[in-house]
Amino acid sequence: MQRTNFGGMACSIARTLDVIGEPWSPLVLRDVWAGMTRFEQIQADLGISRKVLTERLNHLVERGVLERRPYDRRPRYEYVLTERGAELVEVLMAMAHWGDRWLAGEAGPPVVYRHRTCGSVSGAGLRCDHCGEAMHAQDVDLLPGPGAAA
């Protein structure tokens, strides 16, 4: 759990960090965006403890970034991005763009993005490299890139 509360600061960056400043939260959001919506899927992908994942999911639901939806009669839920969460994924796209540019190395980026509007594969920037249109979280498909794990 995050140790410092940034929510009361008069700074939009600090307030955003209050929502996703703990290291697991952006990775949980990334997994939900990529289509891993169930607890077991996220846990298996991240290798995170059940306790920590439960805390992160509860935090993101409380902050209005994820919505919990039942998917069977037992109390089992899947997690979906809210409108707020989809916009927050655009922050993750900017982080991925930076990481692809500065940290991907010779292998290249681990993920590439297909812009649904024009069908072209693009970098993670907020504008499509091909057509120049704005790219939002709901406008892209994630595809394995040259630096993806085998």
Side-chain angles (χ1 to χ4, degrees), residues 1-4 6 11-69 71 76-150:
M1 200 70 171
Q2 183 174 310
R3 292 180 208 122
T4 304
F6 295 110
C11 171
S12 294
I13 294 171
R15 290 175 181 165
T16 302
L17 285 172
D18 195 53
V19 176
I20 61 160
E22 186 278 331
W24 288 112
S25 293
L27 299 176
V28 169
L29 285 175
R30 175 207 63 195
D31 277 7
V32 171
W33 176 44
M36 291 175 252
T37 61
R38 296 186 178 177
F39 187 97
E40 297 78 16
Q41 294 171 315
I42 299 166
Q43 184 186 27
D45 185 60
L46 295 178
I48 187 174
S49 77
R50 294 183 69 81
K51 179 181 186 259
V52 172
L53 181 55
T54 298
E55 289 173 355
R56 290 297 85 215
L57 287 168
N58 287 340
H59 174 80
L60 293 168
V61 168
E62 289 167 6
R63 295 295 192 269
V65 175
L66 293 178
E67 180 182 323
R68 186 180 287 122
R69 292 185 185 163
Y71 69 85
R76 291 193 171 208
Y77 300 94
E78 63 181 357
Y79 297 87
V80 295
L81 292 169
T82 62
E83 180 180 358
R84 180 183 286 195
E87 283 191 24
L88 193 51
V89 166
E90 294 176 16
V91 173
L92 300 183
M93 289 172 64
M95 290 173 65
H97 180 74
W98 183 88
D100 289 349
R101 178 173 180 188
W102 298 105
L103 304 173
E106 290 182 26
V111 173
V112 294
Y113 306 84
R114 181 176 45 233
H115 187 212
R116 289 185 190 141
T117 301
C118 72
S120 295
V121 172
S122 181
L126 297 179
R127 295 219 168 264
C128 177
D129 295 341
H130 179 74
C131 70
E133 291 294 317
M135 288 179 41
H136 301 285
Q138 65 273 16
D139 298 331
V140 299
D141 296 313
L142 293 102
L143 307 170

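Everything numeric in this text was worked out from a predicted model, so none of it was measured. Side-chain atoms are counted along with the backbone in the values below, which use heavy atoms only and exclude waters and symmetry mates.
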Just to verify, what does Arg76 make a side chain to side chain contact (heavy atoms under 4.5 Å, CB included) with, not counting sequence neighbours? Glu40, Tyr71, Asp72, Arg74
Pairs under 3.5 angstrom only: tabulate donor-acceptor contacts from the side chains of residues 111-121 to other protein residues two or more places apart or in another chain.
unit_1	atom_1	unit_2	atom_2	d
Arg114	NE	Asp141	OD2	3.4
Arg114	NH2	Asp141	OD2	3.4
His115	NE2	Thr117	OG1	3.4
Arg116	NE	Asp141	OD1	2.6
Arg116	NH1	Gln138	O	2.6
Arg116	NH2	Val140	O	3.2
Arg116	NH2	Asp141	OD1	2.7

Check residues 96-108 and write down every donor-acceptor pair under 3.5 Å in which the side-chain atom is one partner and the other belongs to a residue at least two apart or another chain.
unit_1	atom_1	unit_2	atom_2	d
His97	ND1	Gly125	N	3.4

Distance check, rounded to the nearest 0.5 Å: Leu53 atom CG versus Tyr79 atom OH? 7.5 Å
Heavy-atom check, side chain of Met135 versus side chain of Cys128, under 4.5 Å: yes
Which residue pairs pass the salt bridge (charged side-chain N to carboxylate O under 4.0 Å, His left out) test when at least one of the two sits in residues 122-135, sequence neighbours left out? none
Rounded at 0.5 Å granularity, tell me how far NE2 in His59 sits from CH2 in Trp24. 15.5 Å
Could you tell me which residues satisfy salt bridge (charged side-chain N to carboxylate O under 4.0 Å, His left out) with Glu67, sequence neighbours excluded, listed by chain and number? Arg69
Could you pull out all residues at least two apart from Asp139 that satisfy side-chain hydrogen bond (donor to acceptor under 3.5 Å, both in side chains)? none
Residues at least two apart in sequence or cross-chain that pass side chain to side chain contact (heavy atoms under 4.5 Å, CB included) with Asn58, listed by chain then number, are Thr54, Glu62, Arg68
OG1 of Thr37 to CG of Asp31, rounded to nearest 0.5 Å, is 10.5 Å
Using the side chain to side chain donor-acceptor pair (under 3.5 Å) rule, collect all pairs that involve residues 41-51, keeping only residues at least two apart or in two chains. Arg30-Asp45, Gln43-Arg50, Lys51-Glu55
Please tell me if the side chains of Asp18 and Arg63 come closer than 4.5 Å, counting only heavy atoms from C-beta onward. yes
Set of side-chain hydrogen bond (donor to acceptor under 3.5 Å, both in side chains) partners for Glu90, sequence neighbours left out: His136
Straight-line distance of Arg56 CZ to Ile42 CD1, nearest 0.5 Å: 13.0 Å
Can you list the residues that meet the salt bridge (charged side-chain N to carboxylate O under 4.0 Å, His left out) rule with Arg38, with sequence neighbours excluded? none
Do Ile20 and Thr16 come within less than 4.5 Å of each other through their side chains, counting heavy atoms only? yes
